[in-house]
Amino acid sequence: METLSENTCFGGMQGVYRHNSKTCHCDMTFGLFLPAEAADGPVPVLWYLSGLTCTHENAMTKAGAQAWAAEQGIALIFPDTSPRGEGVADADEYDMGQGAGFYVNATQDPWAKHFQMWDYVAEELPELVFENFAIDSDRQAITGHSMGGHGALVMAMNLPQRFRSVSAFAPIVNPTESEWGRKQFLAYLGKEDTDWSKYDATLLMQDAGFDGPMLIDTGTKDQFIDLLRPEALAHAIAARRQEAVLRMQPGYDHSYFFVSSFMEDHVNFHAEFLYA
């Protein structure tokens, strides 16, 4: 693992690291914020999964999460959104290829060789950071924005007991019924079958739900709201009587101005359960 940068940040350390991924068969980069408390022993962690076109850097520099994480003594992990580099498949469209991994394990060419983002985020990267940094693997929570909100929700429901809480900003919640999902799933996973449903938060909520608290914020003026389909997940949550707080935030759009406006709420939400 190579250290690309380390900067003192709110009394802790914001680092950026690169390593060769055996899962994605290329170099992968991630950001990691460690609060000051990590100097004395393992701290709880909040995973942040980013959205379409993003890298590890977008949330790391725009979300304002470090200030609130430092107050709570929580580490933050910012994975990349896809494999990258020479020889990695890409597409001309912004919502396919590099920057648009959708947190799935691709099975179709030309994506299957590198686009194994589920295994990377769920298995390889956690193993790496827990071995090398003072992070408590028994106290994890997860959040994300847009495509990353989709990733956070489906990981929380597919990996029971892994995460104590889950939240999301403007998540894509019903990708099997949205152009932000059907297009990518067809390319990455092939013809529609049961492999699609395990990556759909609404279908997972109908099937099993999440054994813990959930917080979801979406802006009423989100320019992509018809692709996000928040009403689909809301109906599934109500039917299951899932423990959840769903908020439609008046006037907010899909940008990082929206994310940063409610980041304090989300970090404090997770802190309650990470320290329970």
Side-chain angles (χ1 to χ4, degrees), residues 46-65 68 76 78-82 93-96 99-104 117 121 141-157 163 165-185 199-205 210 213-238 242 244-270:
L46 175 61
W47 292 81
Y48 184 100
L49 305 186
S50 291
L52 288 166
T53 75
C54 293
T55 69
H56 69 280
E57 188 175 13
N58 295 71
M60 190 179 78
T61 59
K62 294 181 179 180
W68 313 118
L76 300 166
F78 305 99
D80 203 346
T81 55
S82 78
E93 304 94 335
Y94 76 96
D95 56 356
M96 281 288 300
F102 264 79
Y103 305 100
V104 304
M117 287 301 295
V121 175
I142 192 166
T143 188
H145 173 229
S146 192
M147 179 184 72
H150 141 77
L153 292 171
V154 299
M155 285 201 171
M157 286 187 273
F163 302 104
S165 51
V166 60
S167 72
F169 302 86
I172 303 168
V173 299
N174 194 197
T176 61
E177 298 295 334
S178 168
E179 291 183 15
W180 269 0
R182 295 191 62 84
K183 171 184 175 181
Q184 293 82 2
F185 287 5
Y199 298 120
D200 187 303
T202 295
L203 299 181
L204 289 168
M205 180 59 64
F210 174 64
M214 179 180 290
L215 170 64
I216 299 175
D217 280 318
T218 304
T220 61
K221 292 190 176 180
D222 192 306
Q223 58 271 46
F224 304 111
I225 198 164
D226 290 339
L227 297 171
L228 305 178
R229 292 179 54 80
E231 68 282 355
L233 182 60
H235 291 153
I237 285 173
Q242 166 74 39
V245 176
L246 307 181
R247 305 189 301 192
M248 297 300 301
Q249 299 291 1
Y252 285 91
D253 60 15
H254 199 72
S255 70
Y256 265 93
F257 296 110
F258 158 65
V259 173
S260 61
S261 295
F262 298 100
M263 182 56 72
E264 179 182 9
D265 288 358
H266 284 244
V267 172
N268 290 344
F269 165 79
H270 291 294

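Side-chain contact check for I172 versus F102: some heavy-atom pair is nearer than 4.5 Å. K62 places none of its side-chain heavy atoms less than 4.5 Å from the side chain of V259. Considering only heavy atoms from C-beta on, D95 comes within 4.5 Å of K183 through its side chain.
To the nearest 0.5 Å, the span separating CH2 on W180 from CG on D226 amounts to 11.0 Å. A distance of 11.0 Å separates CZ in F163 from OG1 in T143, rounded to the nearest 0.5 Å. A distance of 5.0 Å separates OG of S167 from NE2 of H266, quoted to the nearest 0.5 Å. Rounding to the nearest 0.5 Å gives a distance of 11.0 Å between CG of L203 and CE of M205. Atom CG of D80 sits about 6.5 Å away from atom CE of M117, to the nearest 0.5 Å. Note that CZ of F169 and CE of M263 are 4.0 Å apart. Values are rounded to the nearest 0.5 Å.
A 6.0 Å sphere centred on OH of Y94 holds more than 12 heavy atoms belonging to other residues, nucleotides or ligands.
With sequence neighbours left out, H145 forms a ring-ring contact (aromatic ring centres under 6.0 Å, His included) with H254, Y256. With sequence neighbours excluded, the residues forming a side-chain contact (heavy atoms from CB on, under 4.5 Å) with E179 are L227, listed by chain and number. By the side-chain contact (heavy atoms from CB on, under 4.5 Å) test, A234 pairs with L246, sequence neighbours left out. With sequence neighbours excluded, the residues forming a side-chain contact (heavy atoms from CB on, under 4.5 Å) with S261 are Y252, listed by chain and number. With sequence neighbours excluded, the residues forming a side-chain hydrogen bond (donor to acceptor under 3.5 Å, both in side chains) with R247 are D217, D265, listed by chain and number. For L204, the side-chain contact (heavy atoms from CB on, under 4.5 Å) test picks out V154, M157, N158, with sequence neighbours left out.
Heavy-atom minimum distance, T218 versus P171: OG1-CD, 4.0 Å. Of all heavy-atom pairs spanning L228 and S146, the tightest one is CD2-OG, 4.5 Å. Closest approach of F185 and H150 over heavy atoms only: CZ-CE1, 4.3 Å.
Side-chain polar atoms of T176 and D200 form a donor-acceptor pair below 3.5 angstrom.
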